[in-house]
Structures are given as C-alpha cells and as structure tokens.
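Worksheet: the structure to be examined is printed underneath.
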Amino acid sequence: MNDSSSATLQSTPERSRRQIGPVGTTARLALGGYLIWTLIDPPFPSGISPWSIATGLIVLPSLFTGWQWLRARKSPAPLAATGPVATVVNFAGFLVLYLTPVYAPPLAWTQDAAVIFYGLAMLLAAIRGYAGCEVLTISNWLLHRDDHIGCLIFSPIDQLEHRWTPKLALTQPPPCWKKR
C-alpha cells in the first residue's frame, strides 16, 4: 500500500472509548449469541454448508471491508448513513440474505452465512463497544475507522440509553448522533 492510501485510511481515527452502555452491550451479546447458538445447536455441524461458513466468515466481511476501504480512499470523511432510508436498506439487505430459502432454494446456504456474519459481528460490536450497525463492525475494526450505517434494532436502543443515562462515564455517542 502506498503512503497516500494508508494516510487516507488513518484520517478517521478509531474511537478510543465505548459508544454503548450496558443495555446496548447486553442486547448485542444476547442477539448475536442467540444467532450463533441457532447454528451450533444440534445438528451442528452436519446442517451447515461449508459455503455458509466460508461466506459468513470470509466473503461477507471481505466485501464490506473492500467496499469501505474503496469508499475511504475516495472520501476519507466518516460515513454517517444513519437516516431512515439507509436503515431500511441495511435491514432489507439482511432480509435478502436471510430469506433466500424462500425465493431461491438452491442458494439457501446464504441464510446461515448471514447468521454467521451478523451474529459474530454483533458479538464483536458488544466487545468493542461499537454503536454502529453490525454490518460495519468488522471492517471498522480492520480499517481503524468509525463509520456508521443505521441499524433498525440497535440504533434506537443505543440512542435511548444515551438519552436516559447521559452521565454514563464509559460511553460516548458516535459522531453521527451529534446535532448539527
């Protein structure tokens, strides 16, 4: 990587403090843990396709990281796509992957891939204290960025938690929540 591309990626400093409190952390641990549990509960591993595992652990994180890296090179400013349209589009993307068995049975393995990717990303978000949508958790971590896409499930929880507990010492709201 040349000097200009590494400078671009580092222009958005990784946040150093947690952006979520105990409620947001618990919500991510619970839902992420539940998603992963649905896969490892018997009949694991016979019921999971190798395509699902590879896609959930390698392909989806690589696609989001590659997209985010290319976007950061073109526009190093933090992404703050947290409005209603971005939130709905983001959720629709999950549904497209999760509901594949309904509309494209030969690609049914993408359902487990989505569960692996989103479940592990939720767990990583809980550990890191990341308030953004789980879609960018892995790529933000790898690229040392703090980009945000609206999350239908966790954004309302995080915003309410910050509103109700403004003196929560360990948390700091993400930059995209600040009023302009």
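- With hydrogens and angles left out, the side-chain atoms of T110 and T100 include a donor and acceptor closer than 3.5 Å.
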Report task. Kindly determine whether H148 and Y130 satisfy side-chain contact (heavy atoms from CB on, under 4.5 Å), including the steps that lead there. Result -> CA-CA 9 Å; H148 291 267; Y130 174 63; 3.7 Å; yes
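- Grouping the Ile, Leu, Val, Met, Phe, Trp and Tyr side chains by contacts below 4.5 angstrom, directly or via other members, places F64 with L95.
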Query - Pair S62-V59, side-chain contact (heavy atoms from CB on, under 4.5 Å): steps then yes or no - result: CA-CA 5 Å; S62 297; V59 175; 5.8 Å; no
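- One hydrophobic cluster, built from ILVMFWY side chains closer than 4.5 Å, cannot hold both L35 and W51; they sit in different ones.
- F117 and W67 fall within the same hydrophobic cluster, defined by Ile, Leu, Val, Met, Phe, Trp and Tyr side-chain heavy atoms under 4.5 Å apart, directly or through other members.
- Scanning all heavy atoms of the two residues, the minimum distance from T137 to A121 falls at CG2-O, 3.5 Å.
- Aromatic ring pairs are classed by plane angle as parallel below 30°, tilted from 30° to 60° and perpendicular above 60°; the pair F94 and Y98 is parallel.
- Summarising the geometry of P61 relative to G56, their closest heavy-atom pair is CD-O, 3.5 Å, with the distance given to 0.1 Å.
- When side chains are defined from C-beta on, Q68 counts as touching D147, because their heavy atoms get closer than 4.5 Å.
- In this structure the side chain of I36 reaches within 4.5 angstrom of the side chain of L123, judged on heavy atoms.
- In this structure, L31 CG and I157 CD1 are separated by 8.5 Å, a value rounded to the nearest 0.5 Å.
- Here the CZ-OG distance, from R71 to S139, works out to 11.0 Å after rounding to the nearest 0.5 Å.
- For the pair C151/E134, a side-chain contact is recorded, criterion being any heavy-atom separation below 4.5 Å from C-beta on.
- Taking the side chain as every heavy atom from C-beta outward, I149 and L79 approach each other to under 4.5 Å.
- Between the S52 side chain and the I48 main chain, no donor and acceptor come within less than 3.5 Å of each other.
- The same ILVMFWY cluster, assembled from side-chain heavy atoms under 4.5 Å apart, contains both V135 and I58.
- Contact of the P78 side chain with the D146 side chain is not registered, since no non-hydrogen atoms from C-beta on lie closer than 4.5 Å.
- With R18 contributing its side chain and I127 its backbone, the two residues share a donor-acceptor pair below 3.5 Å.
- Side chains of Q19 and D158: no donor on one and acceptor on the other come within 3.5 Å.
- Of the possible polar contacts, one joining the T87 side chain to the G83 backbone as a donor-acceptor pair under 3.5 Å is found.
- Considering only heavy atoms from C-beta on, I20 comes within 4.5 Å of R28 through its side chain.
- Residue E161 comes nearest to G24 through the heavy atom pair OE1-N, 3.0 Å, listed as atom of the first residue, atom of the second, then distance.
- Here L57 pairs with I53, I116, L120 under the side chain to side chain contact (heavy atoms under 4.5 Å, CB included) rule; sequence neighbours left out.
- No donor-acceptor distance shorter than 3.5 angstrom exists from the side chain of Q111 to the backbone of P101, with no hydrogens or angles considered.
- One hydrophobic cluster, built from ILVMFWY side chains closer than 4.5 Å, holds both Y118 and L152.
- Contact annotation: the side chain of T55 never approaches that of D112 to less than 4.5 Å [non-hydrogen atoms, C-beta and beyond].
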